Amino acid sequence: MKNFWYRLLSRSLTALYYHRIQVINPQHLPGSGPILFVALHRNGAVDGYVYKSVIPTVNFLISVQLRRNLLSRVFFGGIEVIRSKDRKVSDTHLSSNGNAALQACVDYVKQGKALVILPEGSSDLGPRHLPFHKGAARILAQLVTQPEFPLSVIPLAIHYEQAWTWQSDVEVVVGEPINTTLPSDISSINQVNLLHERIVHALETIAVQAENADVFVECERIAYAATLSSKRSYFSALKALERGMPDVASMSSKLEAEIAHVPGRKNLWYHQGVPLMPMGFAWAYPLIWVTLLPIITLTCVLNAPPLVCSWWAGKRFSDGNNTIALWRLLVGFPCLLLWIISLLVAALWSQKLLLWLVYVAISALGVKFFRRFQKITVSLHNWVVLPELRQPLLRWRDELETFMRARNV
């Protein structure tokens, strides 16, 4: 029942907050058996919800700070570990349980179950992953010494277009299984070191890194532009840009120079850092916008209280971009449930259940089409206000497409 609850919670939270979660290379996922997943950590505890939503059977090694009270235990489940920084920020006298937690992880996997370890320990949306700790390698070293134990070790990465933004897209990348065979004459310390090296290599293969934060933000912006009107994955575009993008930088500089000479350029709108314009069947954009406008408007009006509470929580409690989504969910989701239940009670009391069902249907459609409405709104605004920029922007998009194809992406 506990696993069912966390599975349902993860699916609900991610479906509400993110537009689409896509799994890249799902063929690397084992069908069954004991599995140790080693995963990148980008967006706070929300990463766990995303991983759980696509791999429902997994459990996690988590910080004790996530389960300090009854309310937090409703939202977070897993094998608890007390880190040194948990003892510093806690108002209780915690004793380290590192060895006991690692042994609990070993025992859990021995039962034929799937466990996720986040070797970074903490999350960050910066241009590089954080240092990897050796806890996962220590757990793995105890598991691979057992003969004929059918263990699979799979690296996972998570890439958000904009992690904190409501209705952004997310991709979970599944890496190739990690080799766990070890030389027979290797010491226990060297076993851990060798396995740690393999884990680091596997994770860096499916991670995306840049020289600094500015370069990384630019890579994310260009990668998003490369997915527009394309079936290309966001991750593959990021990886292509990771190898160097002087040609793309030159194209972007040329576009910025053209924009700089256009009067009224400050009125240009952006979606995830990209100035959109209608592409393909441009005549359809106004028709779609007019169709979606009443649905989106009603969704926002009918759900104004939980939306405002969620927005406020992100502003009030988050201490960085990697915690905005978490606080919005922790506050907004309970508010939304209370709001829906309150409206249901009012509908039953007034014998107008049909109105409540209409509210639910409109809200579901509004969430589903919110992202598309955003993009169409930005595109139409730019087309109306700055029509002279449409051709330069479409030309830049075509050049970017040529670049990606040249990289076999």
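One is the number of the first residue; the rest follow in order along the sequence. The shown structure was predicted, so the numbers you read here are calculated from the model rather than taken from an experiment.
P334 has its side chain within reach of F75: a pair of non-hydrogen atoms, C-beta onward, lies under 4.5 Å apart. Considering only heavy atoms from C-beta on, L389 stays 4.5 Å or farther from N382 through its side chain. Within the 4.5 Å cutoff, the side chain of F132 has heavy atoms near those of the L203 side chain. Looking only at side-chain heavy atoms (C-beta outward), L140 and L151 come within less than 4.5 Å of each other. Between V208 and C219 there is no side-chain heavy-atom pair separated by less than 4.5 Å. At a threshold of 4.5 Å between non-hydrogen side-chain atoms, the residues M279 and L394 count as touching. At a threshold of 4.5 Å between non-hydrogen side-chain atoms, the residues H19 and E161 do not count as touching. Contact annotation: the side chain of Y49 never approaches that of Y17 to less than 4.5 Å [non-hydrogen atoms, C-beta and beyond].
Of all heavy-atom pairs spanning V38 and I178, the tightest one is CG2-CD1, 3.9 Å. Residue A141 comes nearest to V192 through the heavy atom pair CB-CG2, 3.9 Å, listed as atom of the first residue, atom of the second, then distance. Considering all non-hydrogen atoms of both residues, P278 and A282 come closest at CB-CB, 3.8 Å. For the pair V116 and A39, the tightest heavy-atom approach, listed with the atom from each and the gap, is CG1-CB, 4.0 Å. E80 and A101 make their closest contact through O-CB, 3.6 Å (heavy atoms, listed as atom of the first residue, atom of the second, distance). Contact record, A225 with W396: CB-CH2, 3.7 Å, taken as the closest heavy-atom pair.
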Which pairs of donor and acceptor atoms, one on a side chain in residues 22-34, lie under 3.5 Å apart (sequence neighbours left out)?
none

Just list the side-chain donor-acceptor pairs under 3.5 Å for residues 400-409, sequence neighbours left out, or say none.
unit_1, atom_1, unit_2, atom_2, d
E401, OE1, R232, NH1, 3.1
E401, OE1, R232, NH2, 3.3
E401, OE1, R397, NH1, 3.1
E401, OE1, R397, NH2, 3.4
E401, OE2, R232, NH2, 3.0
E401, OE2, R405, NE, 3.0
E401, OE2, R405, NH2, 3.4
T402, OG1, D398, O, 3.0
R407, NH1, A240, O, 2.8
R407, NH2, G244, O, 3.0

Please output the side-chain donor-acceptor pairs of residues 309-319 that fall under 3.5 Å, not counting sequence neighbours, one pair per line with the distance.
unit_1, atom_1, unit_2, atom_2, d
S310, OG, R328, O, 3.2
S318, OG, G314, O, 2.4
D319, OD1, T323, OG1, 3.1

I'd like a table of donor-acceptor pairs (distance under 3.5 Å, sequence neighbours excluded) in which one partner is a side-chain atom from residues 335-345, with atom names and distances.
unit_1, atom_1, unit_2, atom_2, d
W339, NE1, L302, O, 2.8
S342, OG, L338, O, 2.7

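A donor-acceptor contact shorter than 3.5 Å links the side chain of S53 to the backbone of V50. The backbone N or O of Y234 lies less than 3.5 Å from no partner atom in the side chain of Y224, so there is not a single donor-acceptor pair. In this structure a side-chain-to-backbone donor-acceptor pair under 3.5 Å is missing from K134 to L195.
Evaluation of the side-chain hydrogen bond (donor to acceptor under 3.5 Å, both in side chains) rule for S233 yields S236 as partners, not counting sequence neighbours. Partners of F216 according to the ring-ring contact (aromatic ring centres under 6.0 Å, His included) rule, which considers only residues two or more places apart in sequence or in another chain, do not exist here. Listed by chain and number, the residues in a ring-ring contact (aromatic ring centres under 6.0 Å, His included) with F235 are H159 (sequence neighbours excluded). Residues that satisfy the ring-ring contact (aromatic ring centres under 6.0 Å, His included) test with H381, not counting sequence neighbours, are W269. For the ring-ring contact (aromatic ring centres under 6.0 Å, His included) test, residues two or more places apart in sequence or in another chain that qualify with Y18 are Y160.
Within the structure, every pair that satisfies the salt bridge (charged side-chain N to carboxylate O under 4.0 Å, His left out) test and touches residues 165-179, not counting sequence neighbours, is listed here: R20-D169, D169-R371. Pairs engaging residues 280-290 under the salt bridge (charged side-chain N to carboxylate O under 4.0 Å, His left out) rule: none recorded [sequence neighbours left out]. Counting only residues at least two apart or on different chains, no salt bridge (charged side-chain N to carboxylate O under 4.0 Å, His left out) pair has a member in residues 374-394.
There is no side-chain donor-acceptor pair under 3.5 Å between D47 and S123. With hydrogens and angles left out, the side-chain atoms of D107 and Q103 include a donor and acceptor closer than 3.5 Å. Using a 3.5 Å distance cut-off with no hydrogens or angles, the side chains of N69 and S72 do pair a donor with an acceptor.
In this structure, CG on L293 lies 13.5 Å from CD1 on I288, to the nearest 0.5 angstrom. Taking CG from D124 and CG from L130, the interatomic distance works out to 5.0 Å, rounded to the nearest 0.5 Å. Distance check: E218 CD to L241 CG gives 9.0 Å after rounding to the nearest 0.5 Å. Atoms CG and NZ, from N59 and K113 in turn, are 8.0 Å apart once rounded to the nearest 0.5 Å. The structure places CG of L393 at 5.5 Å from CD1 of I259, a figure rounded to the nearest 0.5 Å. In this structure, OG in S10 is found 10.0 Å from CH2 in W5, a value given to the nearest 0.5 Å.
Relative ring orientation between Y359 and W356 is described as tilted, the plane-to-plane angle lying within the 30° to 60° band.
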Applying side-chain contact (heavy atoms from CB on, under 4.5 Å), run through L276 and L228 and close with a yes or a no.
-> CA-CA 10 Å; L276 303 181; L228 298 173; 3.6 Å; yes
Worked verdict on H129 versus E120 for side-chain hydrogen bond (donor to acceptor under 3.5 Å, both in side chains) | CA-CA 8 Å; H129 64 72; E120 292 164 274; 4.9 Å; no
side-chain contact (heavy atoms from CB on, under 4.5 Å) assessment of K239 paired with T205 | CA-CA 9 Å; K239 266 303 190 183; T205 300; 5.7 Å; no
So F373 and T297, side-chain contact (heavy atoms from CB on, under 4.5 Å) or not? Walk me through it.
-> CA-CA 11 Å; F373 180 77; T297 302; 5.9 Å; no
Would F370 and W166 count as a ring pair (Phe, Tyr, Trp, His ring centres under 6.0 Å) if you check the C-alpha gap in whole Å, the side-chain angles of each, and the deciding distance to 0.1 Å?
-> CA-CA 9 Å; F370 181 81; W166 186 42; 4.6 Å; yes
Worked check of side-chain contact (heavy atoms from CB on, under 4.5 Å) between V54 and I21 | CA-CA 8 Å; V54 298; I21 299 177; 3.6 Å; yes
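For CD of Q111, the number of neighbouring non-hydrogen atoms (other residues, nucleotides, ligands) closer than 6.0 Å is greater than 12.
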